[in-house]
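Report on one structure; see the data block that follows.
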Amino acid sequence: MTVSQPPLALLADAGLEVPVLGGGRVRHVNLDVAASAPALAVVAEQVTRVLPYYASVHRGTGYPSQQTTALVDQARAVVARHVGARDDDLVVFTRNTTDALNLLARAVPGDTVVLDIEHHANLLPWRQGARRVVAGRRTIAETLDALDAELGRCPAAMLTVTGASNVTGEVLPIADLADLAHSHGARLAVDGAQLLPHRRIDVTALGVDYLAFSGHKAYAPYGAGALVGRGDWLDAAPPHLFGGGAVESVGIDDVSWKTGPDRHEAGTPNVIGIVALARALVELERLGDDARAAHEHALTEHLHAGLVAQHGVRVIRGFDDIDDRLGIATIELERGSIGLLAAALGAEHGISVRAGRFCAHPLFDRLATRSNGLRASLGAGTSVDDIDRFLFALGALIADGPAHAYDRAPAGWCPRVDDRPAPAFDLG
């Protein structure tokens, strides 16, 4: 790969210029894609085309309502196809991965076993039931043995794991985890928030029983996600929301609830978010699995090679025997403030990263030696030039420090004098 190679896909933020301290503007470098990815340009265009037809779904007699209903139905089919859903799987639209996993947590008829490496979205929902946490070991092989022992020690209804760590980018062996869970009579749920935007997840081929993911990490940031999986638990669970659309009939003292996706989708759905999510998945398919893998592999290797060469930087990893990783790297410094470094990257260099413990506190606290880390994450809109700018700015800031003064506030480090003009957004 050469430094002139363009991004794999056109995103809505392509060419965005941002102001920097002291005046001037630079092209924005977005290395915070793991938090929320910009919309694909084709997704933004699709939303613009759909908006004039936006109307309430189901039972509407007008043409826009009928078209809106058809779009939601089509989007459900697109999601099912993209993840290789079984014929009897349900596709329930949610707000995001967190919402989907909270829904699933109310449906599990028994204990849930979870690793301590999880994002809070796949750690906290299980507290409302019988949850058992297994600490990750230094290798994934040892971790699988620990899970095997725990599931063998006491039966569980479900094992739930992340598809890829949002801290280290390491990709877990999903098929092996599914075999392990099923050998003990448990089902497997996968938090696909990080993995799905980068890799195809075929739930049938991998043996996944439930998959949760978000649109906002898959280049469709309009507030929709999905839970895909076996319908028996979901049909037996209490409705996720109580309200219109989820019922067959309502009396003053009794309710007859629907089964299927409608049971958990009460109220008017997020039509725009759902359409955007489906359009993003179609575009990812068009880009091609091989092309996406090759693009990301080259960029990931370039990023990690550059970080290893940095003085005073340690790259955090969770497992010694996992080489497969997404375009995510989290570092800590031997000395100095990560928060100040991240603030200066944004304010002085126009580079977006993320600092903190990344909503994965148990994992971070086990792996890190400092209180915070800095995460750089890439995606389909990233180029080698983006990574080179980040590595150059990172090295300069570590060696010489920021060029401007910053104050530490409750929300983080802020420029003492911030002369960057804000965009002229007018909300009336």
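Since the structure is predicted, the reported quantities are computational estimates derived from the model, not experimental observations.
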Checking side chain to side chain contact (heavy atoms under 4.5 Å, CB included) between [X] and each of [options], which is the one that passes?
X	options	value
Leu227	Val91, Leu103, Leu211, Asn102	Leu103
Val161	Val208, Val134, Val113, Leu115	Leu115
Phe319	Thr168, Thr143, Thr139	Thr143
Val275	Val78, Thr68, Leu71	Leu71

Electrostatic pair [X]-[Y], nearest N-O below 4.0 angstrom:
X	Y	result
Arg137	Asp145	no
Arg76	Asp73	no
Asp116	Arg366	yes
Glu332	Arg314	yes
Asp386	Arg389	no
Arg27	Asp13	no
Glu45	Arg279	no

Would you indicate whether [X], at its atom [atom1], is surrounded by more than 12 heavy atoms from other residues, nucleotides or ligands within a distance under 6.0 Å?
X	atom1	result
Arg95	CZ	no
Phe392	CZ	no
His297	NE2	no
Arg127	CZ	no
Arg408	CZ	no
Arg335	CZ	no
Asp407	CG	yes

- Task: Apply side-chain contact (heavy atoms from CB on, under 4.5 Å) to His264 and Leu234, showing your working.
- Result: CA-CA 8 Å; His264 300 289; Leu234 298 178; 4.0 Å; yes
Between [Y] and [X], is there a side-chain heavy-atom distance shorter than 4.5 Å?
X	Y	value
Val313	Val308	no
Thr382	Pro7	no
Asn166	Arg375	yes
Leu378	Val33	no
Pro362	Leu123	yes
Leu196	Leu281	yes
Arg357	Asp365	yes
Pro421	Pro19	yes

Which pair of heavy atoms, one from [X] and one from [Y], lies closest together, and at what distance?
X	Y	value
Pro402	Leu397	CA-CD2, 3.7 Å
Ala246	Ala266	CB-CB, 3.9 Å
His28	Ser352	NE2-OG, 2.7 Å
Arg420	Pro415	NH2-CG, 4.1 Å
Gly327	Thr300	CA-OG1, 3.2 Å
Val171	Arg325	CG2-CA, 4.1 Å

- Task: Tell me, with the steps shown, if Ile272 and Val50 meet side-chain contact (heavy atoms from CB on, under 4.5 Å).
- Result: CA-CA 8 Å; Ile272 298 303; Val50 167; 4.0 Å; yes
Side chain [X], main chain [Y], donor-acceptor under 3.5 Å:
X	Y	result
Thr94	Asp99	no
Arg25	Glu17	yes
His302	Ala298	no
Ser377	Ile328	no
Glu296	Ala380	no
Thr48	Ala44	yes
Arg199	Arg292	no
Gln194	Ala34	yes
Asn372	Ala355	no
Asp89	Arg86	yes

Please round to the nearest 0.5 Å and tell me the distance separating atom [atom1] of [X] and atom [atom2] of [Y].
X	Y	atom1	atom2	answer
Leu333	Ile338	CG	CD1	3.5 Å
Ser165	Leu195	OG	CG	11.5 Å
Phe358	Leu363	CZ	CG	10.5 Å
Ser337	Arg370	OG	CZ	8.0 Å
Asp191	Phe213	CG	CZ	11.5 Å
His295	Asp290	NE2	CG	14.5 Å

- Message: Could you tell me if Arg132 sits above the aromatic ring of Trp126, with its cationic atom closer than 6.0 Å to the ring centre and no more than 45 degrees from the axis?
- Response: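 No, cation not above the ring by the 6.0 Å, 45° rule.
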- Query: Between Tyr210 and Trp233, what is the ring plane arrangement, given parallel below 30°, perpendicular above 60°, and tilted in between?
  - Reply: parallel
Judged by modelled atom types alone, do [X] and [Y] share a side-chain donor-acceptor pair under 3.5 Å?
X	Y	value
Thr160	Asn122	yes
Thr162	His119	no
His404	Glu348	no
His82	Glu285	yes

- side-chain contact (heavy atoms from CB on, under 4.5 Å) evaluation trace for Leu40 with Leu10: CA-CA 6 Å; Leu40 284 158; Leu10 181 64; over 6 Å; no
